[in-house]
Amino acid sequence: MAYPFSEIEPKWRRFWLENKTFATDTSRTDKPKYYVLSMYPYPSGQGLHIGHPESYTAVDILARYKRHRGFEVLNPMGWDAFGLPAEQYAMKNNVHPSVTTKANIDNFRRQLQAIGFSIDWDREVDTTDPGYYKWTQWIFLQIYNAWFDSRVAKGRHINELIAELEEKGSADLPKPDHYNGPEWEFDAEGWKNLLPIEQQNFLANFRLVYEDEIPVNWCGELGTVLANEEVDEWVEKGFTVERRPTRQWMMRITAYADRLQAGHANINWPVSTTDMQANWIGKSYGAEITFQTESGEELRIFTTRPDTIFGATFMTIAPEHPLAATLTSEEQREVVEAYRKEASLKSELDRQTGDEKTGVFTGSYAINPANGERIPIWIADYVLASYGTGAIMAVPGQDERDWEFAEKFNLPIVRTVLPPDGFDEGKPYIGDGPAINSNFLNGLNIAEAKEKMITWVEEKGIGEAKVNYKLRDWLFSRQRYWGEPIPLVRYEGGIIEPVDESELPLTLPELKEFKPSGSTESPLALTGDWLNVEHPTFGAGRRETNTMPQWAGSCWYYIRYLDPENGEQMIAPEVEERWLPVDFYIGGSEHTVTHLLYSRFWHQVLHDLGHLKSEEPFTRLLHQGMILGENSQKMSKSRGNVINPDDVIAESGADALRTFEMFMGPLEMDKPWSSNGIEGIRRFLNRAWGMIVGDERRETIVEDRPMTPDEERILHGTIRKVTEDIEGIRFNTAISALMVFVNEFLNLETKPKVAMESFAVLISPFAPHFAEEVWQRLGGEETIANATWPEYDPEKIKVDEVEIVLQVNSKIKDRITVPAGASAEELEKIALENELVKGLIEGKTVRKIVAVPDKLVNVIAG
RNA sequence: GCCCGGGUGGCGGAAUAGGCAGACGCAUCGGACUUAAAAUCCGAAGCCUCGUAAGGGGCGUGGGGGUUCAAGUCCCCCCCCGGGUACCA
C-alpha cells in the first residue's frame with residue numbers, strides 16, 4: 001500500500017548517522033543555542049518500554065523545531081548505567097556487571113536509533129565509564145572539601161575555613177546545631193594546638209560530606225543496604241529488611257535547604273513540582289525553648305506554636321532521646337526500658353502505621369517556664385528523634401496528636417486559644433483566635449502571641465526563634481560493588497584523606513567472584529590489593545568500601561554532555577558559560593524529590609565554588625504522563641498488557657509510533673495505549689503521502705503555481721496553529737491541525753508546491769523520516785532538518801464572512817453569515833430584521849440586545 | 001489527614017480575556033468500489049423525545065447552589081478517581 005515506511009525509515013536513519021546531521025557545535029556563536037534534555041534511561045535488560053519514547057519524542061520535537069528556527073541545538077542521550085539489577089545479575093551468574101551493562105546499552109541504543117531521534121550520538125555519556133566517573137569522583141571531592149558558611153549563605157572551600165581558624169580560631173564561627181568535636185571555643189593558638197585528628201573531627205562538623213552512624217535498611221539476603229525508596233520493592237519480593245546502625249557517608253543537603261527553596265523563584269517548573277520540593281524541604285518557623293527538669297537537666301524543645309506554652313501540660317521525648325535514661329526514675333526504669341527496647345525493634349513503618357498512640361511516664365517532671373507548673377515528662381514514639389530536638393512540649397488543647405495522647409493517658413488539657421462558638425468540645429482547636437488562659441498573652445491572636453512569647457523567652461535567656469526543616473541529609477553511601485568508588489582512604493589513627501586528584505579515576509577493581517561481603521560492607525571489602533594502600537606520610541591505609549548511590553552520576557550528566565571528551569576538566573568554562581542551564585528538561589515526576597533536588601544541590605555547590613556560572617541546572621521542566629495499557633491500567637507483565645516498541649515500529653513504523661504517542665493526549669497526562677489509535681495515525685500518514693507523492697490508486701499533481709486565497713488561508717492557519725501549539729507544548733492539537741490540512745488539500749486537482757513544502761517542514765518534528773522523503777521528492781536540498789520553518793501571514797488567515805448565531809432569550813434560533821468584523825450596531829440591525837427573530841419577539845418588548853462581533857447576537861425580549 | 005493532578009459522547013480527547021460544547025482521531029452505521037472480503041473513497045452520527053418525512057421540542061461537560069443576557073470556563077459547598085506524602089511538633 002501507500003507509504004513504504006519500512007524502506008524510507010532505515011534509509012534516513014542511516015543518512016542522519018552517516019552525515020552527522022545532528023552533531024552540535026558548542027563553539028558556534030553565530031546562532032542562539034538551545035539545549036533540550038530528556039532524563040536518560042537506566043539501560044535495563046528488558047529493553048525499551050513503550051513509555052520511554054514519549055518524553056524522548058517530545059524533546060525531539062522541540063529539538064527539531066528549534067533547529068528549523070535557526071538555533072544551534074543540543075539533544076543528547078546517555079546511560080544511567082550503575083545500579084543494583086546489573087550487580088545482582090552478576091552475583092547470580094558471575095558475569096562482570098560491565099558485560100551486561102554494555103550489552104544492555106547497545107540494545108537501548110539500537111532501539112532508540114530505530115525511532116529516529118535527532119540526537120548527537122557522539123556525545124553519549126555512560127556513568128559507568130571511568131572517563132565519566134572520574135569527574136563524578138572529582139565533584140564528590142569538591143563537595144567533600146567544601147563547607148557551608150551560614151554567615152554568607154554560601155558554600156566555600158574548606159581551606160578558607162582552615163585559614164580563618166588559623167587566624168582567629170572559632171570566635172566568629174556560628175556553632176553548628178549538632179556540633180560534636182573538641183571544646184568549641186578556641187583561639188588561633190588553640191586551633192594549632194589541636195591534634196590532627198581533633199582538627200579533622202572539628203572540620204567534619206562543617207564539611208558538606210561527613211560520616212554518621214545511622215540506622216539503615218539492611219537486607220541480609222542481598223548483603224547490602226537499601227535506599228528508602230527501594231525497600232518496598234524488595235520486601236514485596238520476599239526479602240527481609242531490618243534496621244541496623246551503620247557508619248555512613250552523608251551529604252549535608254540540609255545546609256542548602258533555604259537556597260533550594262529560594263531557587264524555585266528563578267525556574268519555570270510545574271508548581272506541583274516546586275510545591276512538592278518545598279513540602280519535602282518542610283521549612284517551619286518556631287522557637288526552641290529550654291525547660292528545666294526537677295532533676296536539674298535541661299530539656300530543649302522545638303515548637304511552631306510558642307504562643308501555646310501556657311497550655312503545655314506535659315512533655316514528650318523520643319525513645320532515642322539522649323536524656324531518656326537520665327530522666328527515668330527508679331520506679332519507672334523497668335517499664336521505660338521495656339518501652340525503649342520495643343520501640344527500637346519496630347521498623348519506622350510499624351511505628352508510623354500503629355494507629356494507637358503508645359508511651360510511658362518517665363517518673364520525672366519539668367517546670368513550665370511560662371507558668372511555673374510542674375509537668376510530667378513522657379516517652380512516646382510519636383515524637384521523632386530526628387526532627388527538631390527530639391523533644392516537645394505537649395499542648396493537647398491545640399494539637400491533635402497531643403490531644404489524642406492526653407486523652408489516652410488522662411493528662412490535663414488546657415485550651416489557650418478560644419475556639420469559635422459551636423466548636424466541638426471534644427477536639428483540639430488548631431485555628432486562629434484570641435489567646436486565653438495565657439496570662440500576658442491573653443487576647444492576642446496567634447501571630448501576635450507567638451511574637452510576644454518569643455521575645456519573652458529571649459529576654460529570659462531560655463530560648464529563641466528557630467527555623468526547622470523536614471529535609472534530612474542525604475545518605476550518600478551504598479554497600480555495593482557496581483557504583484562509583486568513594487575516593488577516600490582511612491589511615492591508621494583515623495586520619496581520612498581524599499585520593500589525590502591526579503589518581504582519579506579511582507577505578508573499580510576486578511573481582512574473581514561476585515558475592516556480597518556478608519557484612520554491611522560492599523564486595524570491595526573482599527579485595528586485598530585494591531583495598532589496602534600505603535602512604536608516605538600517613539602510613540597504612542584502607543580504602544573506603546562504600547560506593548556512591550545511583551543518583552550521583554545523574555546529578556551532573558547534563559553538564560558532561562556539553563564536553564564529553566574533556567580529559568582535563570569536568571567541562572570547559574567557556575562552554576558551560578554559554579550552554580548552561582538546560583533550556584528544556586522533560587522527565588518523570590517520580591524524580592521530583594530525588595534526582596531533581598539532588599541535581600539542584602550539586603549545581604548550587606559547584607556554582608558557589610566557582611565551577612559553574614549558572615545557579616540552577618534546568619530552566620524549564622515538564623513531566624510526561626504515563627502510558628497505560630489498553631485497559632487503562634499500568635502496563636505490566638502480570639497484567640499482560642505490555643506493548644513492545646520494537647513490534648510497533650515493525651508494524652506501523654517509527655513515524656507512526658512517534659506521532660501517535662504525541663497525538664494520544666496532553667503530554668503531561670496519563671493516557672491508555674490504543675492499537676486502533678495508531679492505525680488512525682498510519683492512515684493519516686498514508687493520506688499525507690498520497691497527497692504529496694500519490695499512490696497506486698491516485699495520481700497526484702504537485703504544481704509550482706500560486707495558491708488560491710482559500711488555499712492560502714488554510715496553509716497559513718495551519719502554520720500558525722502548529723507553531724503556537726509546539727511552542728505551548730500542545731503536540732496533540734498540532735497534529736490534529738496537520739490532519740485538517742491533509743483533509744483539505746487531499747482532493748484538490750493539483751497541489752500547490754509551496755504548500756506541500758511547508759507541510760513537509762511542519763510535520764518533520766513529528767514524522768521526520770516521512771518529511772525527509774517527501775522533501776526529497778519535492779526537490780528539496782539534502783535534508784529537511786535544516787530547512788527554515790515557515791512563517792504565517794496574519795492577513796492571509798482573515799476571512800471575509802463569518803457565521804454568527806442569533807439568540808432570542810439566550811436560546812440559539814438561527815445561524816447567519818455576515819461580513820467579518822461587522823460592528824455591534826450593524827449586527828443588532830441585522831438581527832432585528834431577521835424573519836425568525838422578528839416572529840419570536842412579536843408582541844414582546846425588546847429589553848436588551850447583546851451583540852458580540854463575529855460571534856453572536858442575543859435579543860432579550862419579554 | 002494534608003498537598004498536587006483529573007472527572008466532557010461508546011472510547012482517546014478539542015474548546016477558558018465567559019460567547020455556536022464535542023475540533024481531530026478511534027470504534028459504529030450507511031453508501032461506492034469488489035465475485036467477495038480487506039484496504040480505500042464518500043457520507044451520517046451527543047442523548048432523549050414528537051413527526052411518515054422535511055423538521056420541531058427537551059436534556060446535556062461528576063453532583064448541588066450562585067453570579068451573568070450568556071458558564072465546561074468565574075464563585076461557594078460536596079462526591080468520585082489517580083499520584084505524592086504521612087505522628088515533622
Side-chain angles (χ1 to χ4, degrees), chain A residues 1-2 270-276 278-280 282-284 286 301-306 308 312 316 349 351-355 357 380-384 386-395 398-402 404-405 468-472 589-590 592-593 623 625-626 628 630 632 634 660 663-666 668-681 683-684 686-687 690 695-698 721 730 732-740 742-743 746-747 803-812 814-815 847-861:
Chain A
M1 228 264 30
V271 277
S272 58
T273 307
T274 49
D275 276 0
M276 212 191 280
N279 264 336
W280 193 258
K283 184 175 189 174
S284 56
I301 59 100
F302 172 73
T303 177
T304 53
R305 293 291 302 276
T308 62
T316 313
L349 196 77
R351 273 206 204 183
Q352 285 162 6
T353 46
D355 28 39
K357 293 244 177 317
D381 67 4
Y382 81 90
V383 172
L384 307 177
S386 49
Y387 182 79
T389 60
I392 61 162
M393 63 175 197
V395 194
Q398 280 75 228
D399 184 283
E400 277 172 24
R401 298 148 301 182
D402 296 342
E404 207 186 306
F405 195 81
N468 242 306
Y469 300 91
K470 277 205 293 194
L471 183 70
R472 309 288 169 78
S589 58
E590 67 273 20
T592 295
V593 295
H623 303 297
M626 222 186 323
L628 308 169
E630 296 215 53
S632 292
K634 272 186 196 167
F660 180 59
F663 183 67
M664 288 192 295
E668 54 274 51
M669 226 105 278
D670 292 351
K671 51 240 149 193
W673 182 260
S674 159
S675 35
N676 281 325
I678 195 167
E679 274 299 307
I681 293 294
R683 229 168 280 166
F684 159 64
N686 279 335
R687 284 155 62 84
D695 52 46
E696 309 93 327
R697 210 172 346 279
R698 180 194 343 242
K721 178 86 177 133
R730 294 181 297 267
N732 53 334
T733 49
I735 293 164
S736 80
L738 293 168
M739 289 171 168
V740 172
V742 172
N743 291 344
L746 184 62
N747 291 320
E803 193 185 61
I804 67 160
V805 166
L806 295 183
Q807 296 179 326
V808 175
N809 290 336
S810 303
K811 300 261 181 195
I812 295 162
D814 202 4
R815 290 161 212 274
R847 296 225 187 88
K848 185 174 183 179
I849 302 180
V850 180
V852 183
D854 295 345
K855 299 277 185 192
L856 53 70
V857 181
N858 189 2
V859 181
I860 311 301

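Per chain, numbering begins at 1; letters A, B, ... match sequence-line order.
Among the nucleotides B/C69, B/A15, B/A89, the one closest to any side-chain atom of A/T733 is B/A15. Out of B/G82, B/C69, B/C24, the shortest distance to the side chain of A/S736 is found at B/C24. Listed nucleotides B/C24, B/G19, B/G83 differ in distance to A/F663; the shortest reach to its side chain belongs to B/C24. In the set B/A14, B/G84, B/G83, the nucleotide with an atom closest to the side chain of A/M276 is B/G84. When each of B/A89, B/G12, B/G13 is scored by its nearest atom to the side-chain atoms of A/N732, the top-ranked nucleotide is B/G13. For A/Y387, the listed nucleotide lying nearest its side chain is B/A89; candidates were B/G25, B/A14, B/A89. The side chain of A/T304 lies closest to B/A89, out of B/C4, B/C24, B/A89. The side chain of A/W280 sits closest to B/U85 out of B/U85, B/G19, B/C24. If you check B/G6, B/C4, B/A70 against the side chain of A/M669, the one that comes closest is B/G6. Distance from the side chain of A/I812 is smallest for B/A21 among the nucleotides B/A21, B/A89, B/G25.
Base pairing annotation: B/G1 forms a Watson-Crick or G-U wobble pair with B/U85, both donor-acceptor distances under 3.5 Å. Across all strands shown, B/A14 has no partner, as no Watson-Crick or G-U wobble contact with both distances under 3.5 Å is found. Figure legend. B/U61 is base-paired to no nucleotide; pairs are counted as Watson-Crick or G-U wobble with both atom distances under 3.5 Å. B/U35 makes up no base pair with any nucleotide shown, lacking Watson-Crick or G-U wobble contacts both under 3.5 Å. Nucleotide B/C29 forms a pair with B/G43, judged by Watson-Crick or G-U wobble geometry with both contacts under 3.5 Å.
Each of A/M739 and A/D670 was assigned the nucleotide of RNA chain B with the nearest heavy atom; the assignment lying further toward the 5' end belongs to A/D670. Where A/I735 and A/E803 each meet RNA chain B at their nearest nucleotide, the meeting point lying more 5' is that of A/E803.
Taking atom C1' on both B/G58 and B/C3, the two are 43 Å apart, rounded to the nearest angstrom.
With contacts defined as side-chain heavy-atom distances shorter than 4.5 Å, the pair A/H623/A/T592 qualifies. You'll find the side chain of A/D275 stays beyond 4.5 Å of the side chain of A/P270, heavy atoms only. You'll find the side chain of A/D399 stays beyond 4.5 Å of the side chain of A/I392, heavy atoms only. In this structure, A/T308 and A/M393 have side chains that are in contact, with non-hydrogen atoms separated by less than 4.5 Å. Side-chain atoms of A/T273 and A/S589, non-hydrogen and from C-beta on, never get closer than 4.5 Å to each other.
Heavy atoms of A/L856 sit under 4.0 angstrom from at least one base atom. Base contact: A/K470 has a heavy atom under 4.0 Å from a base atom. Within the 4.0 angstrom heavy-atom criterion, only backbone atoms of the sugar-phosphate kind lie near A/S810; the bases stay farther away. Contact annotation for A/P666: backbone-only contact, meaning every heavy-atom pair under 4.0 Å involves sugar-phosphate atoms and none involves a base. Note on A/N468: nothing from the nucleic acid sits closer than 4.0 angstrom, heavy atoms only. Among the atoms of the strands shown, only primed sugar atoms or phosphate atoms (P, OP1, OP2) are found under 4.0 Å from some heavy atom of A/G680. Within 4.0 Å (heavy atoms only), A/V850 reaches at least one base atom of the nucleic acid.
Applying the 4.0 Å criterion to OP1 and OP2 of B/G25, one finds that A/R683 has every side-chain N and O outside that range. Contact annotation: A/N676 side-chain N/O to B/G12 OP1/OP2 distance is not under 4.0 Å. Between A/S284 and B/A89 there is a side-chain polar atom (N or O) within less than 4.0 angstrom of OP1 or OP2. An OP1 or OP2 oxygen of B/C4 is reached within less than 4.0 angstrom by no side-chain nitrogen or oxygen of A/N279. A sub-4.0 Å separation between OP1 or OP2 of B/A70 and a side-chain N or O of A/N809 is absent. A sub-4.0 Å separation between OP1 or OP2 of B/U40 and a side-chain N or O of A/R687 is absent. Distances shown here put every side-chain N or O of A/K671 at or beyond 4.0 Å from the OP1 or OP2 atom of B/G12.
By the ring pair (Phe, Tyr, Trp, His ring centres under 6.0 Å) test, A/F660 pairs with A/W673, sequence neighbours left out.
Note that A/K357 lies in the cation-pi zone of A/Y382, set by a 6.0 Å cut-off to the ring centre and a 45° limit from the axis.
Donor-acceptor pairing under 3.5 Å, judged by distance alone, is present between the side chain of A/K357 and the base of B/C87.
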